[in-house]
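Naming: A, B, ... by sequence-line order, numbering from 1 per chain.
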Amino acid sequence: MSFFSVENLTKKFGGLVANNNISMDVEKGEIRGVIGPNGAGKTTFFNLVSGFYRPTSGKVTFKGQTISGMATNKIARLGAVRTFQRPALFSDFTVLENVSIAQHLNTNASLLNAIIGHDNHREADSLERAIEIVDFLGMAEDRDTMANNLSHGLQRQLGVAMALATEPELLMLDEPVAGMNSGEKAVMVNMIQKIRDKWGVTVLLVEHDMRTVMNLCEKITVLDFGEKLAEGSPDDIRSNRAVIEAYLGADDSVT
Amino acid sequence: MGVDTIIQTIANALVLGSVYAMVAVGLAIAFGVMQMANFSHGELFMAGSYVVFVLYTLLGMPFLLAVILAFPIVAMIGLAFERLIFRPTRGNVLAGFMASAGAGFILQVLVGQQWGVGLMRTIQTPFPGGAEVLGASISYQRLLIFPATVIMVTGLWYFLTRVKAGKALRACAQDPEAAVLQGISLNKMTGLAMLLSGGFAGVGGALMAPIIPVTPYMGHTYAVTAFVIVIVGGMASIEGAVIAAFILGFIHTIVATLYDSVTATMVGVLFMAIVLILKPTGLMGRVKV
């Protein structure tokens, strides 16, 4: 049983088959990229594996548990958390407040507990951890900056920091470098690597930017027209004829 | 106009602003977290008044105890509304509007069945007499409302900015999707929002019970004003609601003193229109109405 596995996943929207019979396995500690040309079904795939869509058939399992169709906060508590392309953050909070809001996986306080029995010890813990994460990700000087005053690149970094605060074992990133300049991209790539190396977090990312994926991922899955086209190391993918054709068109179609 | 009239007007405005703040803050919290307006909010205010009527007038409990008990009792009604109305209709604004307005009518009828419809319930004030300030007189009963509001709003502010559950509540109001990703349960937070919302409306109604006629339909005018306040303050903004409540309190009191209360309501709504033209998000809001 793989750490994270997708089995025969299919999603239909009416007559349109957005994802057809996709399977893949991600091992613990891996950084996996999912790429594909426009309309390949990347976003649908991402929404399926992160529990936002319910698959038409097939399933997604995480640590042996089926998570497809489960409520997002429950999946997060299991240890699999996703980010968004848009900055999904609390704009009226400071960076530190944003990161310390996460409810830890083991915190399952009832409503009453949450109101009256607020646990100072645990709150101090989560603040400490928030500081650790923010500093580790190189945002120490922005600790007390309001989130809506951050640049786009920093807002995306904050999104990753917030995801980390839930202490995930699997981090799912939706186009983590979308809309970034090359400097910001380099920072983000570096950050993702550091996260895996320091905390052993498994990373699954869907990304448009080829260079980023090639630099960052050990293994890449290529989607095209909703199906899995290829899978392998960056070098395999770079020289894979089917992938080149999917991106650039087949040679003989030009004439 | 003499000094006494001016002092009297300011005092009346502060008291009215306090009541408005108490009612509007509850509405703003509920709207912020659920993204749905509770059209039975006025009936939660009314329920607070009836808690005082039953516990203090009928059963003879101390007045202040009845006011304090109004918080949990009406909060539980709010929680019931969340479970039975807002949770099943989440994301469907029209259904939420109709169901919550319907719940308001049901509450009116239940209260009317039990304690009568036509008769106004006058509740004896436990604090007869009043304070004389520079020729103006304010009854002790009214005077109680201002500090009560200050204490409750400060307590709410502390809860929302210092306590983790309060921060989670604000997080839900800012971006529910992101909040869920942080492991925050939306269901718990909407429940908490309606508890607070009901509690504040209940205490507001309880404090006003000896001052205004208590009938099953008394909540209506306060609810309408609360909606105006929440829109002026910026939907979902607590600070905005408090500021707008006192502005509206002053507008209503001053216009009512100079002309009459119908004109006062009209001027209040006109003020809302002007604010929305100049700043479509309301005074403190970021979301367009």
Side-chain angles (χ1 to χ4, degrees), chain A residues 50-52 71-84 86-94 97-120 122-127 147-148 158-159 161-168 172 174, chain B residues 29 32-33 71-72 75-76 78-80 82-83 87 90 155-199 234 236-240 281 284-287:
Chain A
S50 57
F52 267 52
T72 314
N73 62 323
K74 293 214 175 101
I75 298 179
R77 275 165 202 265
L78 272 179
V81 65
R82 68 167 285 181
T83 65
F84 287 92
R86 67 179 180 92
L89 40 79
F90 311 117
S91 44
D92 284 350
F93 286 180
T94 65
E97 279 179 317
N98 264 286
V99 180
S100 58
I101 194 80
Q103 311 283 305
H104 290 272
L105 306 177
N106 52 358
T107 316
N108 209 347
S110 70
L111 188 57
L112 198 66
N113 260 327
I115 305 168
I116 42 176
H118 91 271
D119 191 332
N120 284 319
R122 194 170 280 161
E123 226 162 273
D125 270 1
S126 74
L127 188 65
N148 58 350
L158 177 57
M162 287 165 68
L164 273 181
T166 64
E167 303 185 13
M172 295 181 274
D174 190 5
Chain B
I29 295 173
V33 177
F71 192 96
M76 289 316 287
L79 184 65
E82 192 271 331
R83 287 286 144 85
R87 196 175 292 186
R90 184 177 295 164
L156 181 67
W157 173 83
Y158 180 84
F159 176 72
L160 290 176
T161 55
R162 295 286 181 273
V163 179
K164 192 153 187 174
K167 283 189 184 177
L169 203 63
R170 279 165 65 215
C172 274
Q174 291 176 52
D175 192 329
E177 215 168 37
V180 167
L181 275 181
Q182 299 308 103
I184 296 167
S185 158
L186 208 51
N187 281 343
K188 269 183 204 160
M189 287 303 130
T190 53
L192 180 57
M194 281 303 289
L195 270 176
L196 288 171
S197 180
S237 165
I238 307 290
E239 306 97 304
T281 57
M284 308 284 283
R286 278 175 287 103
V287 188

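Of all heavy-atom pairs spanning M162(A) and Q182(B), the tightest one is O-NE2, 2.8 Å. Between A171(B) and I101(A) the shortest heavy-atom distance is CB-CG1, 4.2 Å. Taking both residues in full, the closest heavy atoms of L181(B) and T166(A) are given as O-CG2, 3.8 Å, listed atom of the first, atom of the second, then distance.
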**OP:** Assess whether side chain to side chain contact (heavy atoms under 4.5 Å, CB included) is satisfied between F93(A) and Q174(B), documenting all intermediate values.
**Re:** CA-CA 9 Å; F93(A) 286 180; Q174(B) 291 176 52; 3.2 Å; yes
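Proximity to chain A is absent for every atom of A173(B), based on heavy atoms less than 4.5 angstrom apart.
Of all the listed residues (A88(A), A71(A), A163(A), S50(A)), the one sharing the greatest number of non-hydrogen pairs under 4.5 Å with chain B is A88(A).
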